[in-house]
Every structure is written in structure tokens, then in C-alpha cells.
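Report on one structure; see the data block that follows.
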Amino acid sequence: MSNINFELYKIFYQVGLYKNITRAAKELYISQPAVTQHLRKLEDELGYKLFYRTRQGVEFTKEGEELFNNIKYSMECLENIKVGSNEDNQVKRISIGGSHSILMALIVPVLEKIKTEFEKYNIKLLRNSNEPLSNKILNNIIDIGVTTSPKKFEEQIEYIELKEIEYLLVCGKKLEIDKNKIIKLEDLNQMPLILPEKETSISNELNNLFNRNNIKLNPKYEISSFGLTIEAIKSGLGIGIVNRQFAKKELEDGEFIELKTNFEIPKRKIYLMINKNNKNRKDIYKMIDIIKEGMIS
């Protein structure tokens, strides 16, 4: 099984940002040869060149520029994103936490409206780590948590159900497979399957689905980021399981083709989580209304 390393894309992003390998190496605190080596590795995985050298540094190839533009917003949101005003001495803050894919699909599209409505706030987007999101809610590290089908409902947390989400099997238009074939569950291990890394909610659901059918799940690629999963599928690296709403643009543009299956991928529900004792509940509810409106539009 191959693993797609997020660090490769991080290095690619830094080089693309500065158009200079030496500058990117300094920003990343690694050697220039290491940056070059990682770029070559990423190019080998993707199957195309990302940069060409110039006297001043590097410039994008057509494919490299397209990849950079597609992941730029995603990469920026992996770190804490602060929007709003710092003019007041006592700046209010609201933090929103969740997986990268959920933040990108639900929160990032409404950031501009949040910025307008909460002009005197600092807003933080926090990509959740291995620590349970509920712990961060209860410890007031995060004000709003976004999650799918929590295993346990904490008494001190209010759970607001947004909607049920549907998953589907897709491939990029560049992938050379029979796109009209009905795929069976047992076929997936014989195909270049791209899945989220282990212990994510969808991976656990798929493992359960395979186990019920006495099949061992063995994806060829595991990717920790939703944005990178989208890019890997679009590049023709393999087939993947994506949320229909989260991949709406790619489906409408014809970048993704929905594959037919003889099995149903389990649906999941999206919930917003807030601490019942949070002092900013009034403003939090206003922000939640914006998030809900974004899902409808």
C-alpha cells in the first residue's frame, strides 16, 4: 500500500509561493537538496513536471500552476486562519474546529460572510488532530465543532444536526478504466483505490462494510487531506470515495465521473457541536445560522 505524504504538497506549495527553491528551503528549515528531492518524488507520483528552472528561480509548468491554484486555499486553511479586526484592545474570538475536508467544504465558502458579520472578531479555523473534538469543546479550545456521526454524545455538549451526507465512488476523467462497469465490493482491492487515512470516520465505516462481507480492505493510497484526495483523483491516480456535496464542483464540471456499484456506501450525518456553558453562545448561534445558510445555497 502506498501513502501520499502531505509534506510533499506542503513543500510544493512553499516553492510555488516563492518561485525559489532556496527561499522555500529556508522557510521550511530543510536543505535545498531535500526540497529538490521531495519535488521529484511528488512529480513521480503525479506523473508530470511541476516546475521548470529559470535564472531567477523556478516557474510553474501548466500542470504545476493548475495544481497550485487548486490547493492554495486548502493549504492556507490548514493553519489557523485569522480574519476580522484587531483594532479593539479586547478582541473577541470564535474558533471552529473539524476535519480538513469538512472545514473546506462547509466553513471556507462562508468565511467572507462571517468576516462581514463578525467584523470585530478574530475567527480561527483549527484542523482537528487525534484528540477527540469533544475534549476541545469541553475545554473551550474550540467554540464550534463540526463532525460526522459522533460515536458518543456528551451531556455538556449541544449537538445540532445539519444534514445527512451521501458518499459515492468516483474517478477522474483521465483514469483509463471502464467507467460504465458496475463495480462490486470485492473489485475495489484490485483497483487503485484512494481512501482517507485510517481511523477517520469514513474509513472506519468502509472497514465495517468490508468486514461484514468477509473482505479485507487494502487501499493502494491513503491520504490525510480532502484537498489532496480531490487532486489525486483528478490527476488520474485512482478511484476514490467522496462526499457528493463536497465534490459538487468537480462532478458538475465533469472532472469527476460517478461510478456504478452494486453496494451502498454508508451515509453519515453532519453535526455542529457547542459547549452548553460557552459564554459566547448568542454570537455562536448567529454564526451557526450563516453556516446553515451556506449549506442550503
Inset, instruction - Could you tell me which non-hydrogen atom of Leu209 sits nearest to which non-hydrogen atom of Pro266, and how far apart they are? - result: CD2-CD, 4.3 Å
Legend entry - Nearest heavy atoms of Gly145 and Ile137, plus distance in Å: N-CD1, 3.5 Å
Inset, instruction - On the 0 to 90° scale, with breaks at 30° and 60°, tag the Tyr159-Phe153 ring pair as parallel, tilted or perpendicular. - result: perpendicular
Legend entry - Separation between CG of Leu17 and CD of Gln14, rounded to the nearest 0.5 Å: 6.0 Å
Inset, instruction - Classify the side-chain pair Asn280/Asp143 by whether it contains a donor and acceptor separated by less than 3.5 Å. - result: no
Legend entry - Charged N-O contact under 4.0 Å between Glu166 and Lys267: no
Inset, instruction - Evaluate the side-chain proximity of Lys173 to Lys234: yes if any heavy-atom separation is below 4.5 Å, no if none is. - result: no
Inset, instruction - From the options Ile194, Ile257, Leu175, Leu195, select the one residue that forms a side chain to side chain contact (heavy atoms under 4.5 Å, CB included) with Ile239. - result: Leu175
Legend entry - Flag side-chain contact, heavy atom, 4.5 Å: Ile11 against Tyr9: no
Legend entry - Distance (rounded to the nearest 0.5 Å) between Ile107 CD1 and Leu272 CG: 7.0 Å
Inset, instruction - Using modelled atom types only, decide if a donor and an acceptor are shared between the side chain of Asn189 and the backbone of Lys216 within a distance under 3.5 Å. - result: yes
Legend entry - Crowding at CD, Glu176 (>12 non-hydrogen neighbours, <6.0 Å): no
Inset, instruction - State whether the number of non-hydrogen atoms from other residues, nucleotides or ligands found under 6.0 Å of Lys184 atom NZ is greater than 12. - result: no
Legend entry - Side-chain touch Ile96/Lys124, heavy atoms, less than 4.5 angstrom: no
Inset, instruction - Quick one: pull up CD1 in Ile144 and CD1 in Ile291 and give me the separation to the nearest 0.5 Å. - result: 4.5 Å
Inset, instruction - State whether the number of non-hydrogen atoms from other residues, nucleotides or ligands found under 6.0 Å of Ile160 atom CD1 is greater than 12. - result: yes
Legend entry - Verdict with supporting geometry, Phe12 and Phe51, ring pair (Phe, Tyr, Trp, His ring centres under 6.0 Å): CA-CA 10 Å; Phe12 161 72; Phe51 299 101; 5.5 Å; yes
Inset, instruction - Please lay out, stage by stage, how Leu193 and Leu217 fare under the test side-chain contact (heavy atoms from CB on, under 4.5 Å). - result: CA-CA 10 Å; Leu193 180 62; Leu217 181 60; 4.0 Å; yes
Legend entry - NZ/NE/NH1/NH2 to OD/OE distance under 4.0 Å, Glu59 and Arg53: no
Legend entry - Heavy-atom pair of closest approach, residues Phe118 and Met287: CZ-N, 3.6 Å
Inset, instruction - Over all heavy atoms of both residues, which pair between Leu162 and Lys292 is shortest? Give the atoms and the distance, please. - result: CD2-CG, 3.7 Å
Inset, instruction - Would you check if Lys179 and Cys171 make a side-chain contact, meaning some heavy-atom pair closer than 4.5 Å? - result: yes
Legend entry - Asn211 side chain vs Asn207 backbone, donor-acceptor pair below 3.5 Å: yes
Legend entry - Charged N-O contact under 4.0 Å between Lys49 and Glu43: yes
Legend entry - Nearest atoms (heavy-atom pairs only) where Lys19 meets Phe60: CE-CE1, 3.3 Å
Legend entry - salt bridge (charged side-chain N to carboxylate O under 4.0 Å, His left out) between Arg244 and Glu258, worked out: CA-CA 10 Å; Arg244 181 180 292 279; Glu258 182 177 355; 3.1 Å; yes
Inset, instruction - Return yes if a side-chain donor-acceptor contact under 3.5 Å exists between Thr22 and Gln32, otherwise no. - result: yes
Legend entry - Pairing of Asp253 and Lys249 as salt bridge, 4.0 angstrom limit: yes
Inset, instruction - Look at the side chain of Asn275 and the backbone N and O of Ile157, then say whether any donor-acceptor pair between them is shorter than 3.5 Å. - result: no
Inset, instruction - Mind checking the CG-CG spacing from Asn277 to Leu138? Nearest 0.5 Å is all I need. - result: 9.0 Å
Inset, instruction - Determine yes or no for a side-chain-to-main-chain donor-acceptor pair under 3.5 angstrom, with Asn122 supplying the side chain and Arg93 the backbone. - result: no
Inset, instruction - Following the transitive rule for hydrophobic clusters with a side-chain heavy-atom cut-off under 4.5 Å over Ile, Leu, Val, Met, Phe, Trp and Tyr, establish whether Ile215 and Ile265 coincide in one cluster. - result: yes
Legend entry - Flag, side chain of Ser31 to backbone of Ala25, donor-acceptor distance under 3.5 Å: no
Legend entry - Salt-bridge criterion met for Arg268 and Glu164 (N-O under 4.0 Å): no
Inset, instruction - Can you measure from CG (Asn70) to OG (Ser235) and round to the nearest 0.5 angstrom? - result: 11.0 Å
Legend entry - Pairwise distance OH(Tyr121) to CD1(Ile94) - rounded to 0.5 angstrom: 5.0 Å
Legend entry - Any side-chain heavy-atom pair of Leu206 and Ile241 under 4.5 Å: yes
Inset, instruction - Considering non-hydrogen atoms only, spot the tightest contact between Leu103 and Leu126 and give its length. - result: CD1-O, 3.6 Å
Legend entry - SB check Glu158 Arg281 (cutoff 4.0 Å): yes
Inset, instruction - Check the hydrophobic clustering (I, L, V, M, F, W, Y; side-chain heavy atoms under 4.5 Å; chains of links allowed) and say if Ile182 and Tyr167 are grouped together. - result: no
Legend entry - Neighbour count >12 (heavy atoms, 6.0 Å) for atom NZ, Lys269: no
